[in-house]
Number of protein chains: 2
Amino acid sequence: MRHVTMRFDGSRLELLDQRLLPGKVEYFRAGSYRDVVYAIKEMVVRGAPAIGAAAAYGLCLAAVEYRHLPTGEFQQKFAVALAELAATRPTAVNLVWALKRLESIADAFTGAPADLAGVLEAEADAIARQDAEANRAMGQHGNEVIPQGARILTICNTGSLATVEWGTALGVVRTAHSDGKDIHVFACETRPRLQGASLTMFELTEEQIPATLVVDSVAATLMNQGKVDVVLVGADRIAANGDTANKIGTFMLSELAARFDIPFYVVAPLSTIDDNVRDGSEIVIEERSGREVTHIQGVLVTPPGVDVYNPAFDVTPAENITGIITEQGILRPPLDREIARVKGGQ
Amino acid sequence: MRHVTMRFDGSRLELLDQRLLPGKVEYFRAGSYRDVVYAIKEMVVRGAPAIGAAAAYGLCLAAVEYRHLPTGEFQQKFAVALAELAATRPTAVNLVWALKRLESIADAFTGAPADLAGVLEAEADAIARQDAEANRAMGQHGNEVIPQGARILTICNTGSLATVEWGTALGVVRTAHSDGKDIHVFACETRPRLQGASLTMFELTEEQIPATLVVDSVAATLMNQGKVDVVLVGADRIAANGDTANKIGTFMLSELAARFDIPFYVVAPLSTIDDNVRDGSEIVIEERSGREVTHIQGVLVTPPGVDVYNPAFDVTPAENITGIITEQGILRPPLDREIARVKGGQ
C-alpha cells in the first residue's frame, strides 16, 4: 500500500484517481461535495467501502461550504447535498449506510451550523478507521480458509483501492501472503471497466504477490483444469437471505465454482449487508452507459449506435456461496439465519 | 453481405482486413504465400473455414511464384510454403484439411510445374464454393431448431467474415432472419480480440438483424433471466467424440447453458471434424501473446510485465452439446457414433 486511496484535510478530499491507474498515480482534489458526486459517478473512486467513506467526507465538505448559513437554509442545502451523494450509484449499500450515520448525527446536533462540520468529520474518520480495522479482521478470518500454496481466483478490485485500506477479498489475499503462504492469484480482467487488469494487477504487482491475468471467460477453463482452489470476491450489497450483488461476472464465477466444487467466498464488512432487502430480486442493479462496452480507450470498436446491455453488477444466489467472510468471522449456511444473528446483534 | 471476405484473381488474394473493421473497410492484398502466412497469423483473416480457403489460395500463390523452377526445386520450395502455411495457427483443423486437398492434387500431378497453379486454383475455388454451399445447407438445417421469436446467444464471429460467405452459427441466424422469424441476437463481445463487438455486430448491423452487445460475463445473467432460448457457436476443431474446440468463452457458455437447460448447438461443416483426434484433450490449444490482454488499442492498461494466460480457444465437452449442425444435417448424441457415421461416409 504505497498509495493511500483517500485523504481528508478538513476542507478538501483527495482521491487517488483510479481512472488513470496504473499508468499514472495522480490525486483528484475534491473541494466541494459536488466534486465528490462527480468522482463517485465517474469512478475516480470505486469499490463499495471506499465509496461509503468518500461520500461521508463529501457530506463533511457540504457542511463546511454551508457553515455560515442560517440553520433553516443550512438544513435545506445540507439535505440536497446528502440526496445528491446518495444518488450517485444505486447498488452499493455502503454509500447509503455511511451517509445515514452522518445524517443521524446531524439530526441530533443542536449547535450552530458552523460547528457541525467538525462533528461530522470525526464520524467520517470513524467510518474510515472502522473500515480499515474491519478489513484487517476479515483478512485474519479469511486467512483460515486459504490453504498453503492456494491458487485464488478473483474478479474486479477489492483491495486497498476499493476500501480505505487493505481490502476485502484482496485483503484476505494480502493477509495470506503476509502470513508466508505461497499463494498465486488469477485475476479476471473484469470487463468492461477492467478493474482487475488495471487496479488488482497494480496492487498485486506492488505487493509482489504472484499473479496471472486472464480475460473473464478463461475462469471456466482454469477451474476445469483444476487450477483454482478457492474463489474470493467482494460485495456491493448482501440481502437478508445472503444473495449478493457484486461486479458483473461474479454470478458466472459462482455458477462455475458450484459446478466444479470449488469453495466460493464473499468477503465483505457487515456494513455491506442490507437486511432491509429480503433477497437479490429486490436489489437495484445499476446499468451503465453502453459506451463502456463500445468504446475502448475512447475508440469506437463497434458499428455506431449499436444496442448494448451493460449491467454493472449481477446477483449471486446464496446457495452458491460457501461463506461470507466478515469482520466478525465467517458466516456459513444457512446464511439467512446467520445474517439475522449478526445484524440483530448490531 | 455487402463485402466479400476474400477474392482471388490468379496472382493475388485480396482479404477484407478484419483488423480494421468496423471502422474501415479495406482489403489486404496478398501477392505471395508469405503475405498469406502473415495475414493468417495476424488475423487479417480469421475463422476456421475462412482460414482454410485463404491458405488454399496462399498455396496457389506459391505455385505461381515457383512455376518457372525445375521440378525438383519446385517441389522443395512448394513443400516449404505448404509447411509454413500449415503452421500459421494450430487449432483450426480446416487449415490443414484444405492444404491437404491441394497437396494430394499436387502429389498426383504429372505435368510441368508451370501448369500446376491452374489445377490448384480450381481446387481452391472448389473448396471456397463448397464452403459457401455447406454454409447455406447448415443455415437450412439449423433453421429447424430456431423457434419463431428466438433470442439467440452467440460468441466470436461465425458469419460471412469467418467463412467464404454466409457463415456457420451466424449463417443459421442469417437463414432464420431471411425466413422471417422475429429473432434477436445477443452477441458476446469476445475478449480479448473483440470479434463479437467488431465483426459480428458489423454483420448484424449490415443485415439489420436486431442485436444487443454484451460483455462475455453477462451471458450468465441473460440465461438466468430467461432471456436466451438457444446458444449457437462455431467450431475450430471437433474431435471424434464430439468434444469441440472453439473461441475462448465457448466452454463457459456451454456450462451455463447446461445449468439453465438451454439448447447449445455447434454449427460447423464436416471439414471441421477431425476424427484423427479422439477427444478434446488431444486438441492443441493456441496460446496467443499476453499483449492481446494487456494492451487495448495499443495502450498498456496493466502494470508493465505482468503474467498473462491467454488461450485463444477452449474445449467444450461433447456432453454439453445438444447437437452439431452440419451441411448433412444435425448430429445428435451419441455424437461419437454420429461422427463415425458421417465421417465414414466421406
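Since this is a predicted model, take the numbers as computed values, not measurements. Order of the sequence lines sets the chain letters (A, B, ...), proteins ahead of strands, with each chain counted from 1.
The contact list for residues 226-249 of chain B toward chain A, using heavy atoms and a distance under 4.5 Å, reads B:K227, B:I248, B:G249 by residue number. Interface residues of residues 191-199 of chain B toward chain A, defined by a heavy-atom distance below 4.5 Å and sorted by number: B:R191, B:P192, B:L194, B:A197, B:S198. Chain B is approached within less than 4.5 Å, heavy atom to heavy atom, by A:V293, A:T294 from residues 277-294 of chain A, ordered by number. At a heavy-atom cut-off of under 4.5 Å, chain A is reached by B:I296, B:Q297, B:V299, B:V301, B:T302, B:P303 from residues 296-304 of chain B, listed in order of number.
Interface remark: of the candidates A:G23, A:A211, A:A187, A:A211 forms the most heavy-atom pairs closer than 4.5 Å to chain B. The greatest number of non-hydrogen atom pairs below 4.5 Å with chain B, out of A:L256, A:D314, A:N224, A:D216, is found for A:N224. Between chain B and the residues A:A219, A:P210, A:S217, A:A258, the largest count of heavy-atom pairs under 4.5 Å involves A:S217. The most heavy-atom pairs under 4.5 Å with chain A, out of B:V215, B:T212, B:T190, come from B:T212.
The closest donor-acceptor contact from the side chain of B:R46 to the backbone of B:N157 lies under 3.5 Å. Formation of a donor-acceptor pair under 3.5 Å by the B:T158 side chain with backbone atoms of B:G167 is not found in this model. Listed for the A:S160 side chain is no donor-acceptor partner under 3.5 Å among the backbone atoms of A:E165.
For chain B, the nearby part of A:L222 is the side chain; its heavy atoms alone come within less than 4.5 Å. With a threshold of 4.5 angstrom between heavy atoms, B:L253 does not approach chain A through any atom at all. With a 4.5 Å cut-off on non-hydrogen atoms, B:F313 does not touch chain A at all.
Using a 4.5 Å heavy-atom cutoff, the side chains of A:L153 and A:I262 are not in contact. Proximity of B:T163 to B:T5: side-chain heavy atoms (C-beta onward) are nowhere separated by under 4.5 Å.
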